[in-house]
Amino acid sequence: MMQSFIPRLKKFGALVLRSVRGEALDFTQGNISASILLLAIPMILEMMMESTFAVVDIYFVSRIGVDAVATVGLTESILTLVYSLAFGSSMAVTAMVARRVGEKNLGDASRTAMQAIWLSLGLASVISVAGLFLAENILLLMGAEPGMAHANAGYTRWMLGGNYVIMLIFMHNAIFRGAGNPFLAWYALGISNGLNIILDPMLIFGWGPFPQLGLEGAAIATNIGRGVGVLFQLYFLFFGNRQVCLKKYVSLDWKIIRRMVVLSTGGTGQFLIASASWVFLMKIMAHFGSENLAGYVLGIRVLVFTILPAWGLSNAAATLVGQNLGAGLPDRAEQAVWRTGWFNMAFMGLVALVYYFLPEQVLGLFDVTGDVLVSGVRTLKLVSLGYLFFAWGMVFAQAFNGAGDTQTPTWMNFIVFWLLQIPVAYLTSIVMDLGPVAVLVCIAAAEGVLAAMSWVVFRRGKWKLRQV
């Protein structure tokens, strides 16, 4: 048995090295499982780097106080709307770039990528203006107490005002994924995270020559880290000489932008609907007090640490579907989705076991006690019950997106999150007075319903006929 295991381990190690080295590969041929791993490994690393931002920030911010943690949670709820625009637009970009790469039309792939950057700059400008001038009002609208909103508005102002770096880093990574170069995405986020880890304690607590900026320092550190990552990405996009090279395609092309906007409305809609539902869930949780809210925020931050890597694995399905449909291989595209789903289920299932049986040990990494710890443990245990369903749901969603069918996940998200999850969560937790437990159960149950709906629609196969 050991004799057969060692060659497999060596083969897997070789795949890991190939994936992180960033070799130019054709994902429209060869072993599907190997293709998934070659794409998924850097994509998982990318998403782990992205989730590290959340965990690192909350690790240091938790040492400031409960109000600081609650402010981060409320701001993150608003930032999920920014992430919705970034994720939604990136789905259109990944689908369009992947389809052109699958067709071997690298000139149009590069031209499409440049238009994505122009689009993201326009969207970020609107959000930035609102964040700079309305930060305190936004916190009040989210249910923050006036004193907390006034004291901590600087954090929200920095995070929303500097959303350019969020939009661009996600858009650039979408281009890399569509082109089959996901290793560049996690390189950029590795640089960003390294800077954030170094600058967070320095700016928050005033270490060394830096001033003590408190909560606001966390936002500044994040923006600096992401900003340097964006510069790294731009260098490769303009001078990297890979499938996508932008230096010959800097002019605006309104025809491509209009097509991208049409596709983005579906992608943005699905994430906006899902993210906005989290905003309402946060408001419901705020009804039960700051300590419950802080524990919920902490638990969600930890859950995100594994949800984002799972999204990274799911992103492999989007790239494989887009490139293989572009190459005229729909059956290979479908096979890649099923294979990715099983991989994702295995990963999420293992994580769910840890969160359900060892929540106190996981949250022991943070300096929390009492009701905050109780709330965090409850969040980990109950939300993780939906992880197996979540695993399949996100793979199906990315498969639809990779095919350019961004409308299907949108209407499914609307039905599940707005017509079912939010009303039931409000009625059971507040009207029926079942408390925050009811909200958490609704979160897990909604993922089960969404996965079942996605499975039925995917089996019908209409996504294979989409033109991008």
Side-chain angles (χ1 to χ4, degrees), residues 51-83 127-128 130-163 165-166 196 199-206 211-226 275-276 278-305 363 366-373 375-376 379 436 439:
S51 61
T52 299
F53 272 106
V55 175
V56 169
D57 283 351
I58 207 69
Y59 175 81
F60 290 112
V61 168
S62 65
R63 282 149 176 78
I64 301 175
V66 172
D67 281 354
V69 175
T71 299
V72 170
L74 294 175
T75 303
E76 284 291 325
S77 295
I78 298 300
L79 279 174
T80 53
L81 305 182
V82 178
Y83 293 141
I127 297 167
S128 180
L132 289 172
F133 292 99
L134 300 174
E136 187 171 341
N137 291 330
I138 289 172
L139 287 175
L140 291 171
L141 182 64
M142 286 299 300
E145 297 178 357
M148 186 178 85
H150 179 72
N152 297 326
Y155 175 86
T156 305
R157 189 172 293 112
W158 270 100
M159 293 302 294
L160 293 179
N163 83 96
V165 293
I166 297 175
N196 187 52
L199 292 175
D200 246 351
M202 291 181 174
L203 294 176
I204 293 173
F205 305 117
Q212 184 176 348
L213 300 177
L215 181 59
E216 196 169 341
I220 296 172
T222 297
N223 279 320
I224 292 174
R226 287 187 186 275
S275 300
W278 284 100
V279 174
F280 276 82
L281 291 175
M282 187 72 71
K283 286 182 68 68
I284 294 174
M285 281 297 192
H287 177 80
F288 301 102
S290 295
E291 292 188 336
N292 173 75
L293 179 61
Y296 172 73
V297 169
L298 181 61
I300 292 297
R301 281 296 185 99
V302 173
L303 289 163
V304 165
F305 190 77
L363 294 176
F366 304 91
D367 188 19
V368 292
T369 57
D371 290 341
V372 176
L373 178 61
S375 176
T379 300
V439 179

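Because only heavy atoms are used, hydrogens play no part in the values below, and waters and symmetry mates are left out as well, while side chains stay in. For this chain, numbers begin at 1 and follow the sequence in order.
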Shortest non-hydrogen contact between [X] and [Y], atoms and distance:
| X | Y | value |
| --- | --- | --- |
| Leu160 | Gly131 | CB-CA, 3.6 Å |
| Asn223 | Trp158 | ND2-O, 3.0 Å |
| Leu293 | Ala70 | CD2-CB, 4.2 Å |
| Ile64 | Gly214 | CD1-C, 3.9 Å |
| Ala153 | Ala135 | O-CB, 3.7 Å |
| Val61 | Val69 | CG1-N, 3.9 Å |

| query | With distance as the sole test, does Ser62 use its side chain to make a donor-acceptor pair with the main-chain N or O of Tyr59 at under 3.5 Å? | reply |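 At least one qualifying donor-acceptor pair exists.
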
| field | Greater than 12 external heavy atoms within 6.0 Å of Phe288's CZ | value |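 Enclosed.
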
Residues in side chain to side chain donor-acceptor pair (under 3.5 Å) contact with [X], at least two apart in sequence or another chain:
| X | answer |
| --- | --- |
| Asn292 | Ser375, Arg378 |
| Glu291 | none |
| Thr379 | none |
| Asp200 | none |

| request: Dump the intermediate steps for side chain to side chain contact (heavy atoms under 4.5 Å, CB included) on Met282 and Val297, then the final yes or no. | output: CA-CA 9 Å; Met282 187 72 71; Val297 169; 4.0 Å; yes

Working to the nearest 0.5 Å, report the span between [atom1] of [X] and [atom2] of [Y].
| X | Y | atom1 | atom2 | answer |
| --- | --- | --- | --- | --- |
| Leu199 | Leu213 | CG | CG | 11.0 Å |
| Asn152 | Asp67 | CG | CG | 6.5 Å |
| Leu203 | Ile224 | CG | CD1 | 6.0 Å |
| Ile127 | Met159 | CD1 | CE | 12.5 Å |
| Ile204 | Met202 | CD1 | CE | 12.0 Å |
| Asp371 | Ser290 | CG | OG | 11.5 Å |

| field | Residues forming a side-chain contact (heavy atoms from CB on, under 4.5 Å) with Ala149, sequence neighbours excluded | value |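 Expected list: Glu136, Leu139, Leu140, Ala144.
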
| query | How would you list, by chain and number, every residue that makes a ring-ring contact (aromatic ring centres under 6.0 Å, His included) with Phe60, sequence neighbours excluded? | reply |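 With neighbours one apart ignored, the set is empty.
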
| task | Would you indicate whether the side-chain heavy atoms of Leu74 and Met148 approach each other to under 4.5 Å? | result |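 A side-chain contact under 4.5 Å exists here.
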
| request: Taking the side chain as every heavy atom from C-beta outward, state whether Arg157 and Leu132 have any pair of such atoms under 4.5 Å apart. | output: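 Contact flag for Arg157/Leu132 side chains = yes.
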
